[in-house]
Amino acid sequence: MNIFNWIKYEIKACLRSAAISKKWPEKLPFERITVEPPRDASNGDIATNAAMILAKPIGIDPYDIYLPLAEGLKKLESVKSVEIVEPGFINIRLLSGVWLAQVSKILEFGQNFGSSRMGAGRKVNVEYVSANPTGPLHAAHARGAVFGDALASLLEKAGFQVVREYYVNDVGSQIDKMAHSVYFRYLEALNANSNIPECDYPGEYLKDLGKALVMREGDNLINALEQEWLEPVRTFAVELIMTNIMKDLLTMGIHMDRFSSERAIVKKNVISRALAKLEEAGLVYRGVLTPPKGKCPDDWEPRPQLLFRSTKFGDDVDRPLQKPDGSWTYFSNDIAYHMDKVERGYMDMIDVFGADHGGYVNRIKAAVSAITAGQGNLDVKLCQIVHMLDGGKPVRMSKRSGNFVTLSEVLDTVGPDVLRFIMLTRRNDQTLEFDYRQVSEQSRNNPVFYVQYAHARACSVIRNAKEIFVAEDLSDFALSQAEINLLTDHNELKLSKLLASWPRVVESAASSHEPHRVAFYLANVAAAFHELWSKGRENARLRFILKNEREITMARIALVRATATVIASGLKIIGVTPMDELRG
RNA sequence: GCACCCGUAGCUUAAUUGGAUAGAGUUCUGCCCUCCGAAGGCAGAGGUUACAGGUUCGAAUCCUGUCGGGUGCACCA
């Protein structure tokens, strides 16, 4: 249960009855009321802005809102105190037993604690990775992949029905270029005279693809005409590259529910339906674009094209739907793809893009808005670039030579757990520094280690307790029955409150589409736990295990176990395996 | 030239979506192991939130402008 939601409900109930008895105006902005833990714990457990929000529309002093509210809240058994401070915050304290009871709940519900019904089973489509099948994933793809995957898990935890989707851009000139290169390498592998020019498409892996093609086709394609070999080579290469991409994703623990092929979308001719919708709304016309000022391409020529009126939705210019040869643009196919998502029942969509696609956001949002008559929601999350460092020095990445750092190389050096966690230690719209050396450090400034260490320590305590209390049942269920109210230390309460706020973290991170909050929350939990641990070093009375005091030990073990449970639950969203011990 | 994103301690950054005295790590200094994992903890210090206005009970957050950095700019994907 989310305690904050519950108190919010009670606050609104009090205010509604006060509104009637005191004849307050009818339409008050109750939706703007927040109920949250104050930043500074000395301000109590829970704070609300209700008095400040409502004072003006009612035309009274915040204090006159506080009075009936406090009167109502104080009737609740769990509420210890309610007070108002300048400039009108109402601070609420709950009996410590309320928070401690959450510790027992954690043990009762296990990893399900924190799961929310906020999403109410609403379908959400999360599209991420979507790297072109023209080569292996490289390090820069990792961020979007991890972000999207964690976001999907987070939304699931918050009660949404999520599908993880990869859009395969298996059509277009890039793909054909790649296929040409593969064919060139194929001829090279056979020592055949090449009458086609070497393509400038970079990458060593193309040689492997060429050889693999030899394995499969022998010299069957050696004298084929382009229109004969292009299709099979393209299909072969895309399949193989996608297999490798999926292998990397699997290593990272990413399992996509669906791979949507652009080629299939084109084939199904979804675009004609999408276009019909746009035309119906009067959003398609034939016109001539003006060249951008200050950066006019050399080969610019004014030509009439089929355009989408995206400016009507706040875009800078209207966007072309057709290429000069009459075929559809990438944008058109993407409109069709989003239409396809909508037709599959996803009115809520999230696209995870790299920052270099920022200029694309407005037009695709415009398109979604247009084809759903404003009913569909598309949130585009841009992931900023990752600077790869090695001991503070930038790792050079040359795209031109094709010598970029591949994702599988990174995974080999640091492993999937470290990679996943670090990718979420920054907001998605901030650039991120990824230092090979620092992320494998085992110290406080490595958040992955720090959180894992807390989990391992907690597990260690339980192991020790089992040895000392051999006859005792230390199962989660047994611990959930422990006399938890014996916990009275300040740090124990602080940790309990933090653990109790896990459901709130899940809900707020999910609704803002910000999975990094989970990583930061876990770092907080770890810090509170390490702090509590150290108290036992300074004062033996505060240690978790007191050999001759069964009752208090059970209560403390319960808290320790709850801590491990919440950490594990959070790590699961991030996609990191919790470690029971770190010793090698 | 235009658009989008960003600008927070020396460095890397967070801030409960508009809340209270802007929090962490790193670095430096000094403490805490007879003891459940010192791979930890505690304390000190560091800020005109790029700048200037505005909106209001209240702004790092929203609006306008300026400066600085990044990304993109018919037809590619």
Side-chain angles (χ1 to χ4, degrees), chain A residues 4 32 34 36-40 42-43 47 49 52-53 55-56 62 85-89 91 132 134 169 171-175 177 262 288-297 299-303 305 307 315-317 319-320 322-325 329-331 333-334 354-362 382 384-385 425-427 429-433 435 438 441-447 449-450 452-454 456-457 460-465 468 501 504-505 508-509 511-512 514 516-517 520 523-524 527 530-538 540 543-546 556 560 581-583:
Chain A
F4 299 90
R32 282 178 57 212
T34 60
E36 52 197 22
R39 211 184 324 236
D40 189 342
S42 67
N43 284 324
N49 62 357
M52 291 180 288
I53 295 291
K56 188 164 239 182
V85 296
E86 286 299 317
F89 286 101
N91 295 328
N132 293 345
T134 52
N169 301 123
V171 62
S173 64
Q174 296 292 320
I175 291 287
K177 241 171 143 179
E262 182 178 1
V288 180
L289 290 173
T290 53
K293 282 173 187 169
K295 198 221 167 209
C296 183
D299 58 349
W300 177 276
E301 48 179 281
R303 68 168 82 92
Q305 343 175 241
L307 298 170
D315 201 2
D316 314 329
V317 289
R319 305 291 177 175
Q322 269 178 329
K323 301 179 195 174
D325 69 0
T329 59
Y330 175 83
F331 177 48
N333 289 346
D334 213 13
D356 54 344
H357 287 70
Y360 189 72
V361 175
N362 278 340
L382 296 179
Q384 273 293 339
I385 40 175
T425 51
R426 298 285 178 270
R427 298 171 53 102
D429 49 11
Q430 286 283 354
T431 58
L432 182 149
E433 294 198 344
D435 196 316
Q438 197 183 325
E441 227 174 79
Q442 301 211 325
S443 68
R444 169 84 217 241
N445 70 336
N446 179 358
F449 165 75
Y450 189 69
Q452 287 283 24
Y453 183 36
R457 254 184 165 174
S460 173
V461 172
I462 306 291
R463 280 195 300 270
N464 283 313
I468 291 165
S501 70
R504 176 184 149 78
V505 171
S508 65
S511 57
S512 61
E514 290 184 346
H516 75 277
R517 289 174 185 230
F520 281 91
N524 281 337
H530 287 309
E531 190 183 339
L532 182 55
W533 177 287
S534 299
K535 292 291 173 204
R537 291 195 154 273
E538 295 158 18
R543 293 174 65 187
F544 297 125
I545 301 172
L546 298 176
R556 286 183 179 160
V560 170
E581 56 183 332
L582 298 178
R583 285 192 227 269

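Residue numbers start from 1 in every chain, and the chains themselves are labelled A, B, ... in the order their sequence lines are given, proteins ahead of strands. All values below come from the heavy atoms of this structure, side chains included, with hydrogens, waters and symmetry mates left out.
- A sub-4.0 Å separation between OP1 or OP2 of B/A15 and a side-chain N or O of A/R39 is absent.
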message: Base contacts versus sugar-phosphate-only contacts with protein, heavy atoms under 4.0 Å: please encode nucleotides 67-77 of chain B as B, S and - from 5' to 3'.
response: ----SSBBSSB

What N/O pairs connect the protein and nucleotides 40-44 of chain B at under 3.5 Å? Give each pair on its own line.
unit_1 : atom_1 : unit_2 : atom_2 : d
B/G40  : OP1    : A/R444 : N      : 2.5
B/G40  : O2'    : A/R457 : NH1    : 2.8
B/G41  : OP1    : A/R444 : NH1    : 3.1
B/G41  : OP1    : A/Y450 : OH     : 2.5
B/G41  : O4'    : A/S534 : OG     : 2.8

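- A distance of about 11 Å separates the C1' atoms of B/A50 and B/G69, rounded to the whole Å.
- Counting distance only, with no hydrogens placed and no angle test, the side-chain atoms of A/N91 and the base atoms of B/A20 include a donor-acceptor pair under 3.5 Å.
- Using bins of under 30°, 30° to 60° and over 60° for the plane-to-plane angle, the ring pair A/F331/A/Y360 lands in the perpendicular bin.
- A/A456 comes within contact range of at least one nucleobase, with a heavy-atom separation under 4.0 Å.
- When each of B/U17, B/C36, B/A15 is scored by its nearest atom to the side-chain atoms of A/R427, the top-ranked nucleotide is B/A15.
- Taking atom C1' in both B/U71 and B/U17, one finds a spacing of 25 Å when rounded to whole Å.
- The same atom, P, is picked in B/A22 and in B/A45; the two are 14 Å apart, to the nearest Å.
- In terms of position along RNA chain B, the nucleotide closest to A/E514 lies nearer the 5' end than the nucleotide closest to the other residue of the pair A/E514 and A/L532.
- Counting only heavy atoms from C-beta on, A/E433 has its side chain closest to B/U12 among B/A14, B/C5, B/U12.
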Which pairs, protein N/O on one side and nucleotides 54-59 of chain B N/O on the other, fall under 3.5 Å?
unit_1 : atom_1 : unit_2 : atom_2 : d
B/U56  : O3'    : A/K56  : NZ     : 3.4
B/C57  : OP1    : A/K56  : NZ     : 2.3
B/C57  : OP2    : A/K56  : NZ     : 2.6

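- Residues A/K323 and A/D325 are not paired through a salt bridge, judged by the lack of any N-O separation under 4.0 Å between the basic side chain and the carboxylate.
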